[in-house]
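For reference, the structure discussed in these notes is given below.
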There are 2 protein chains.
Amino acid sequence: MQLNRQDVLDGAIAILDEYGLADLTMRRLATSLHVQPGALYWHFPNKQTLLGAIADHILSGADAPPTEDSWDTQIGQIAHRLRDALLSRRDGAELVAATYASRLTTNHIRERIAAVCIRAGLPRRDAELTADTLLYYILGQTVDEQARLHMDSVGALTPDASPLFESPDPTSRFEFGLQLFLDGVRHTAADRIRH
Amino acid sequence: MQLNRQDVLDGAIAILDEYGLADLTMRRLATSLHVQPGALYWHFPNKQTLLGAIADHILSGADAPPTEDSWDTQIGQIAHRLRDALLSRRDGAELVAATYASRLTTNHIRERIAAVCIRAGLPRRDAELTADTLLYYILGQTVDEQARLHMDSVGALTPDASPLFESPDPTSRFEFGLQLFLDGVRHTAADRIRH
DNA sequence: ACCTGAACACCGTTCAAGT
DNA sequence: ACCTGAACACCGTTCAAGT
C-alpha cells in the first residue's frame with residue numbers, strides 16, 4: 001500500500017489533533033504510517049514544508065468571498081472565519097503563527113480584507129496595512145485563547161482562573177478587539193472621505 | 001571559577017545575539033561556558049525557564065511610567081518602547097512571542113497600558129481588553145518585521161523585495177497600525193463619556 | 001517511483017557520584 | 001553548593017541500496 005502526499009498530510013493532521021503540535025514529529029508520523037522516517041522525505045522536502053501544507057489546509061475556506069453587505073460586517077465575517085479556522089484543530093493558531101509568520105500577510109485572506117477596506121474608501125496602501133494590523137491581532141488573540149484552553153484541559157490552572165469561566169468569555173474578548181479595530185478603520189475612512 | 005545564574009543568563013543572551021534563537025541550545029550554551037550540559041540545570045530547572053528569564057530581561061525597562069502628558073501619546077510611547085525592546089536583540093520578538101505567549105497579558109506593560117486607558121475614560125475591563133489588543137498587534141507586527149530583517153540579511157529575498165527598501169518603512173508601518181488602534185480607543189472612550 | 005536500513009549530527013533532561 | 005560523567009530517550013535529515 002503506497003503512500004501519497006495526501007496520506008502524509010492526513011496522518012500529520014491526525015497526530016496534530018490527537019497529540020498536539022509538540023508531538024507532531026517526523027519519526028512519530030512515520031511510525032503511525034507504518035513507514036521509515038526517510039520515506040516521508042520523498043513526499044515533502046522537509047518538516048517546514050509539511051507544516052506549511054497543514055497551515056494552508058487549516059486556513060483553506062477562510063478566504064471565501066464575504067456574503068455580508070456592509071464593509072464592516074464583511075470584515076467581521078472574515079475575521080470570525082479566520083478565528084474559527086484556527087480554532088478548528090488542536091494548536092491550530094500556534095501552528096499557523098509559527099509556520100506562516102510573515103506569510104499570513106502574503107495570503108489570500110489579506111487580499112480579501114484589503115479589498116473590503118478599499119471598498120470602504122481606503123487607498124490601496126492603507127488598506128493593506130489595515131489588513132496586516134487585523135491579521136496580527138486575530139493571530140495573537142487566538143494563539144492566546146487556544147493556549148489557555150490547553151492549559152485548562154491539562155489542569156495547570158486554578159479552577160477560578162479557568163478560561164471557561166473567564167468573564168468576558170473568549171468570543172466576547174475577540175469581538176471587543178475586533179470592534180476596536182473597526183472603529184479605527186471607520187475613523188480613517190471618514191477622514192479620507194472628508195479631505 | 002564558579003558559575004552563577006547571571007553568568008548563565010549573560011551567556012545565553014550572547015549566543016542569542018551572535019547565532020540566533022534556533023542555535024540557542026542548552027548544549028551549545030554549556031560549551032560556551034566551559035561546563036557540562038547538566039551544570040546548567042543547577043541554575044535553571046529547564047530551558048523554558050531560562051528563555052523566560054531572557055524574555056523578562058528583554059522587556060525590562062519597557063514598562064517604565066510614561067513621561068508624555070496626553071493618554072494617546074503615553075500609549076504611543078509605551079508601544080514604541082516595547083517595539084524597541086523587542087528589536088534590541090536578535091530574534092527578540094520571536095523569543096518573547098514563543099515564550100511569553102499568554103504571559104505578555106500578565107505583564108507590567110499590560111497594567112501600564114490599561115492604567116492609561118482608564119485615565120482616558122475606559123472602564124477597567126475595557127481598558128484591560130484594549131491593552132491586550134494592542135499587545136497582540138505590537139508583538140505580531142514586530143515578529144514579522146524582525147523575520148523580514150533576518151530573511152534579508154540571509155539573502156532569501158530578491159533585492160527589490162528587501163524590507164530595507166520597502167515602502168512604507170517598518171517604523172511607518174508600525175505607526176500606521178498604532179494610530180489605527182488609537183483611533184479605535186478614542187472612539188470607544190468618547191462613547192463612554194457621552195453615555 | 002517509492003521505500004528501507006542505517007547512519008550522522010544533533011537535542012533536553014536526569015542523576016549518581018565527585019569536590 | 002556546584003559540577004562531572006554518562007546515560008536515556010529522543011530529534012530532523014541524508015542517501016546508497018533495494019523493489
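What you see is a predicted model, and the numbers here were worked out from it, not measured in a lab. What's counted below: heavy atoms across the whole structure, side chains too, no hydrogens, waters or symmetry copies. Residue numbers start from 1 in every chain, and the chains themselves are labelled A, B, ... in the order their sequence lines are given, proteins ahead of strands.
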Original post:
How long is the line joining CZ of A:Phe44 and P of D:dG12, in whole Å?
Top reply: 15 Å
Subject >> A:Gly38 or A:Asp23, whichever maps to the more 5' nucleotide of DNA chain D >> reply: A:Asp23
**OP:** Take the protein atom NZ of A:Lys47 and the nucleotide atom C1' of D:dC11, then report the distance between them rounded to whole Å.
**Re:** 8 Å
Subject >> Taking every non-hydrogen atom, the tightest pair across B:Ala53 and B:Leu9 >> reply: CB-CD1, 3.7 Å
Original post:
Looking only at atom types and distance, does a side-chain atom of B:Gln36 sit under 3.5 Å from a main-chain N or O of B:Ala30, one as donor and one as acceptor?
Top reply: no
Original post:
Any sub-3.5 Å donor-acceptor pair from B:Thr73's side-chain atoms to B:Ser70's backbone N or O?
Top reply: yes
Original post:
Between the main-chain N or O of A:Arg89 and the side-chain N or O of A:Asp17, is there a donor-acceptor pair closer than 3.5 Å?
Top reply: no
Subject >> Complementary nucleotide of C:dG18, counting Watson-Crick and G-U pairs under 3.5 Å >> reply: D:dC2
Subject >> Gap between atoms CD and P, on B:Gln48 and C:dG12 respectively (whole Å) >> reply: 12 Å
Original post:
Has B:Gln2 got a side-chain N or O lying under 4.0 Å from the OP1 or OP2 atom of D:dC2?
Top reply: yes
Subject >> side-chain N/O B:His43 vs D:dA1 OP1/OP2, d < 4.0 Å >> reply: no
Subject >> Selection from D:dT13, C:dC2, D:dA1 that lies nearest to any side-chain heavy atom of B:Trp42 >> reply: D:dA1
Original post:
Across all strands shown, which nucleotide pairs with D:dA7 by Watson-Crick or G-U wobble geometry, both distances under 3.5 Å?
Top reply: C:dT13
**OP:** Measure the distance from CG on A:Leu33 to C1' on C:dC3 and round it to the nearest whole Å.
**Re:** 13 Å
Subject >> Proximal nucleotide (of C:dT13, D:dC3, D:dG12) relative to the A:Thr25 side chain >> reply: D:dG12
**OP:** Let me know the distance between CG of B:Leu40 and P of C:dC11, rounded to the nearest Å.
**Re:** 12 Å
Original post:
Mind checking the P distance from C:dC10 to D:dA9? Whole angstroms is fine.
Top reply: 22 Å
Original post:
Counting heavy atoms not belonging to A:Tyr19, are there more than 12 under 6.0 Å from its OH?
Top reply: no
**OP:** Tell me which nucleotide among C:dT4, C:dT13, D:dT13 gets nearest to the side chain of B:Met26.
**Re:** C:dT13
Original post:
If you check every side-chain atom of A:Leu3, which of C:dC3, D:dG5, C:dT4 has the closest atom?
Top reply: C:dC3
Original post:
Rounded to the nearest Å, what distance is computed from the CG atom of residue B:Asp7 to the P atom of nucleotide D:dC3?
Top reply: 9 Å
Original post:
Over how many whole Å does the gap from B:Arg27 atom CZ to D:dG5 atom P extend?
Top reply: 14 Å
Original post:
What is the distance, rounded to the nearest whole Å, between atom CG of A:Leu29 and atom P of D:dT13?
Top reply: 12 Å
